[in-house]
Novice: 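One structure, pasted below without further comment.
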Amino acid sequence: MARSPSAGHRHLASSIQPETHRGPVHWRQLVEWLRDAGEITPQEASRTIARIAHAESAQPALVRLAAVGMTRASNGQPFDLEALTQFLAQCAKLDYLRIDPLKVDVGQVAETMSAQYAERHRVLPVQVTPGEVIVATSEPFIDDWVGEVERQSRRQVRRVVANPVDIKRYTAEFFALAKSVRAVQAAGQATSATSFESLVELGRSGRQLDANDQGVIQVVDWLWQYAFDQRASDIHMEPRREQGVIRFRIDGVLHPVYQVPPAVMSAITARIKLLARMDVVERRRPQDGRIKTRNPRGEEIEMRLSTLPTAFGEKLVMRIFDPDTAVKDLEGLGFSRHDAARWEKLVAHTNGIILVTGPTGSGKTTTLYSTLRRVATEAVNISTIEDPIENIDPAFNQTQVQQQLDFGFAEGVRTLMRQDPDIIMIGEIRDLETAQMAVQAALTGHLVFSTLHTNDAPSAFTRLMELGVPAYLLNATLLGVLAQRLVRTLCPNCKAPDPDALRELLAEAVKPWQIGSGEYRPYRGAGCVECRMTGYRGRMGIYELLIVTEPLRALVSEGANLEKLRRQAAQDGMRPLRLAGAMRVAEGLTTLEEVIAATPSVG
């Protein structure tokens with residue numbers, strides 16, 4: 001969990017001999033250590049001392065020096081808080097740690113010491129094992145608390161150095177959360193359920209923790225703010241027999257966050273359902289809901305909720321729609337220049353059908369929303385029929401499918417046709433009736449956008465014909481198909497050239513296609529605290545854009561097989577998904593492993 005000082009700085013301890021120092025680190029002493037180690041020049045040290053010598057401040061030494069922005073002697077870059085913390089760790093011959101709250105078992109570390117003790121000594125336990133407790137401190141030369149913690153926890157203490165801002169923040173958050181969970185658990189000991197039968201009885205009797213209890217409110221507020229801070233796209237609350245599990249999906253990967261007793265999980269779920277105006281008592285059937293809240297920056301965040309009855313309670317998933325992720329330009333979506341120009345030309349049509357295909361979670365809706373925002377003007381009437389409405393946008397007229405009222409996609413399109421639309425977006429073409437209505441709308445002069453579940457773009461033809469749409473109607477209405485996938489992008493903070501990535505391996509992965517003779521700059525993420533040592537941070541789309549041409553229409557009319565359609569589409573300018581991904585690898589944006597995992601073979 002902690003990182004050792006790098007080999008390049010091992011001379012620091014011997015050159016400045018910090019073992020002679022005891023007590024808090026003074027900012028002036030730290031400046032002298034930086035100067036003696038050659039990290040800053042003597043002139044920079046003098047300037048720093050002159051700037052803050054007469055300034056009164058109760059801030060820790062690391063924070064005060066970080067605010068000054070001292071210049072490194074080696075590269076001219078400023079010394080930020082993390083760099084100063086790393087330097088201090090090297091001086092003290094201790095490991096440096098950037099606290100990752102996703103890797104801290106809050107309930108376990110909160111049992112090690114009290115919140116008051118942690119605040120008084122400015123330390124924070126971050127990991128507990130059977131024989132050891134790892135404690136973060138920003139004052140590595142103060143250790144009078146170690147013996148007491150070892151006696152209390154009956155474990156060896158291993159100290160690591162972390163920045164004082166994180167220690168202060170997470171001390172407040174972790175202990176407050178643990179206290180709230182304990183309070184909720186104490187209030188609901190009599191109502192915890194460990195079997196499906198007892199859950200049913202509990203639901204029938206209405207016995208449950210109060211969703212308005214202050215402890216429950218605090219846990220829910222922490223959970224949301226924590227998810228926003230960690231860039232989570234989804235929050236999963238999963239009941240289990242012994243402990244409920246809370247997980248966040250970040251960059252497409254699920255991360256365990258916290259475990260809570262069943263009674264606490266039930267109370268949290270009830271609180272969230274109450275805020276979403278869902279039926280709190282009903283736990284035997286799935287429900288959907290929405291919540292609006294605000295992130296730490298004050299921006300409005302919308303969440304879509306879905307519950308599902310399971311053997312040990314209700315599973316709740318919250319999809320987070322963060323305004324920061326609402327990409328509006330094609331470059332931000334991940335379009336290459338080649339495909340961006342072709343897509344712009346395609347969506348400029350006034351009538352016809354444009355499809356976006358891919359599996360669930362591949363970013364289809366984001367692409368459609370971003371495209372519709374680009375064409376939405378005061379002179380255009382854009383209407384959508386969705387199931388569900390994933391994001392409210394004031395530029396569109398959005399309608400929700402309601403199956404219980406026999407109002408599905410086909411009925412929705414039929415109604416929208418009488419609403420004088422210019423552009424119609426259909427959430428998904430699932431059946432023949434919806435496909436026929438989409439074709440009818442296109443034939444009567446409307447531009448129709450929709451999604452379809454296929455592995456690649458050419459497969460959209462065979463899928464629609466399997467549903468029962470005649471080939472001549474496809475040729476008359478279908479303008480183009482965009483297939484897409486999401487791949488993780490390399491962390492910009494730690495990515496470095498990858499000398500082991502051979503161009504031949506990339507070429508082999510995309511056969512029979514060729515990646516061209518352009519510049520080849522493969523990178524690989526080394527792993528850092530910013531990306532949680534994964535080497536990846538964020539995601540981007542890779543695209544396969546098929547534009548319907550006359551030769552392609554001729555093949556469709558002839559009933560040509562899928563392989564012939566793919567070859568013709570490639571001749572017309574379509575880049576297969578894997579080839580598009582390989583080009584992103586060559587540009588140093590992602591890795592070959594990510595592309596292979598996300599895309600179908602082109603062979």
Novice: Report the C-alpha distance between R98 and D166 in whole Å, list the side-chain angles of each, state the deciding distance to 0.1 Å, and finish with yes or no for salt bridge (Lys or Arg N to Asp or Glu O under 4.0 Å).
Specialist: CA-CA 8 Å; R98 176 73 178 271; D166 281 354; 3.6 Å; yes
Novice: Atom CZ of R537 and atom OG1 of T489: how far apart are they, to the nearest 0.5 Å?
Specialist: 9.5 Å
Novice: Between E132 and R155, does any side-chain N to carboxylate O distance fall below 4.0 Å?
Specialist: no
Novice: Between D234 and R247, is there a side-chain N and carboxylate O pair less than 4.0 Å apart?
Specialist: no
Novice: When you measure from the side chain of R72 to the backbone of N75, do you find a donor-acceptor pair of N or O atoms at a distance under 3.5 Å?
Specialist: no
Novice: Compute whether any side-chain donor of one residue and acceptor of the other, for Y536 and T590, lie under 3.5 angstrom apart.
Specialist: no
Novice: Checking the side chain of H26 only, and the main-chain atoms of R28 only, is there a donor and an acceptor separated by less than 3.5 Å?
Specialist: yes
Novice: When you compare the side chains of N295 and Q225, does any donor N or O come within less than 3.5 Å of an acceptor on the partner?
Specialist: no
Novice: Y226 vs W222 aromatic rings, parallel, tilted or perpendicular, using cut-offs 30° and 60°?
Specialist: tilted
Novice: Check D229 with R169, please: is the shortest side-chain N to carboxylate O separation under 4.0 Å?
Specialist: yes
Novice: Taking the six-membered ring of F321, is NZ or CZ of R304 closer than 6.0 Å to its centre and within 45° of its axis?
Specialist: no
Novice: Would you please test R159 and D95 for salt bridge (Lys or Arg N to Asp or Glu O under 4.0 Å) and show each step?
Specialist: CA-CA 8 Å; R159 293 179 300 142; D95 289 338; over 6 Å; no
Novice: Is the CD atom of Q152 crowded by more than 12 outside heavy atoms at less than 6.0 Å?
Specialist: no
Novice: Thinking salt bridges, do E139 and R122 make one under a 4.0 Å N-O criterion?
Specialist: no
Novice: Does the pair F87 and Y96 meet the rule for a ring-ring contact (aromatic ring centres under 6.0 Å, His included), with working shown?
Specialist: CA-CA 9 Å; F87 176 81; Y96 156 79; over 10 Å; no
Novice: Are H255 and K103 close enough that a side-chain donor and a side-chain acceptor fall under 3.5 Å?
Specialist: no
Novice: Any salt bridge linking R524 with E593? Criterion: basic side-chain nitrogen under 4.0 Å from a carboxylate oxygen.
Specialist: yes
Novice: What I want to find out is whether E300 reaches K292 closely enough, with some N-O distance under 4.0 Å, to be called a salt bridge.
Specialist: yes
Novice: For the CZ atom on R120, are there more than 12 heavy atoms of other groups (residues, nucleotides or ligands in this structure) within a distance under 6.0 Å?
Specialist: yes
Novice: Would you check if the distance from the ring center of W33 to the ring center of F141 is below 6.0 Å?
Specialist: yes
Novice: Go through the steps for E44 and R35 under the test salt bridge (Lys or Arg N to Asp or Glu O under 4.0 Å), then give the verdict.
Specialist: CA-CA 8 Å; E44 183 68 12; R35 179 198 61 202; over 6 Å; no
Novice: For the side chain of E150 and the backbone of V157, is there at least one donor-acceptor N/O pair under 3.5 Å apart?
Specialist: yes
Novice: So which of D221, V220, L275, I301 actually passes side chain to side chain contact (heavy atoms under 4.5 Å, CB included) with T293?
Specialist: I301
